[in-house]
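Step one of this worksheet: look at the structure below.
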Amino acid sequence: MDKAYNEQTAISALISVLEDVVKAGNTNPAFDSESGFVDISDGSRHQPIILLDRDDVANLIPFLEDNYASDDVIAYLKNTGNSQPQESNKQG
């Protein structure tokens, strides 16, 4: 198989997964204050857990724009982290 074909197939698959996750994912995900990661998935068994740090999100946005991902996915990632950071396992 041609390398370009395999690369484009992988990019298309990644975008497809991200589109599915964004449709059913967490609303207004926030970065965890301790780990520095954000989980954009909804936690359902059928969805992969997608943990991203701030650099991942920042680098993923232009990549998705260059590869014609949907505006919904791009907007979702641009809004990621605009919520207050979540505290991990903190009891009151």
Side-chain angles (χ1 to χ4, degrees):
M1 287 187 152
D2 182 22
K3 181 180 176 186
Y5 175 77
N6 289 335
E7 186 174 301
Q8 187 57 49
T9 300
I11 290 169
S12 295
L14 170 65
I15 291 171
S16 178
V17 167
L18 287 173
E19 287 176 351
D20 287 346
V21 168
V22 166
K23 285 178 189 173
N26 290 329
T27 304
N28 300 319
F31 288 93
D32 182 83
S33 61
E34 290 182 23
S35 71
F37 289 98
V38 61
D39 179 6
I40 65 170
S41 64
D42 71 354
S44 295
R45 187 184 310 220
H46 68 277
Q47 266 197 356
I49 296 173
I50 300 179
L51 297 175
L52 304 170
D53 64 19
R54 291 182 190 278
D55 288 338
D56 293 335
V57 172
N59 292 322
L60 195 53
I61 291 168
F63 172 80
L64 292 172
E65 290 171 336
D66 290 347
N67 287 283
Y68 307 105
S70 72
D71 291 339
D72 291 342
V73 172
I74 294 167
Y76 182 88
L77 288 172
K78 285 181 177 180
N79 284 331
T80 297
N82 288 341
S83 300
Q84 292 297 319
Q86 299 171 349
E87 297 293 326
S88 292
N89 299 324
K90 191 172 186 177
Q91 294 179 343

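The analysis underlying the following values was restricted to heavy atoms, covering all of them including side chains, and did not include hydrogens, waters or symmetry mates.
The shortest distance between side-chain heavy atoms of Phe37 and Asp32 does not fall below 4.5 Å. Contact annotation: the side chain of Thr80 never approaches that of Leu52 to less than 4.5 Å [non-hydrogen atoms, C-beta and beyond].
With sequence neighbours excluded, the residues satisfying side chain to side chain contact (heavy atoms under 4.5 Å, CB included) with Ile11 are Glu7, Gln8, Ile15, Phe63, Asn67. For the side chain to side chain donor-acceptor pair (under 3.5 Å) test, residues two or more places apart in sequence or in another chain that qualify with Glu65 are Lys78.
When all heavy atoms of Ile40 and Pro29 are compared, the pair lying nearest together is CG2-CG, 4.3 Å.
Considering CG of Leu64 and CD of Glu19, their distance stands at 9.0 Å, rounded to 0.5 Å. Annotation: the span from Leu60 atom CG to Leu18 atom CG amounts to 6.0 Å, rounded to 0.5 Å.
Although no hydrogens or angles enter the test, the distance criterion places a donor-acceptor pair under 3.5 Å between the side chain of Asp56 and the main chain of Asp53.
Judged purely by distance below 3.5 Å, without hydrogens or angles, the side chains of Ser70 and Asp72 never pair a donor atom with an acceptor atom.
A 6.0 Å sphere centred on CG of Asp66 holds more than 12 heavy atoms belonging to other residues, nucleotides or ligands.
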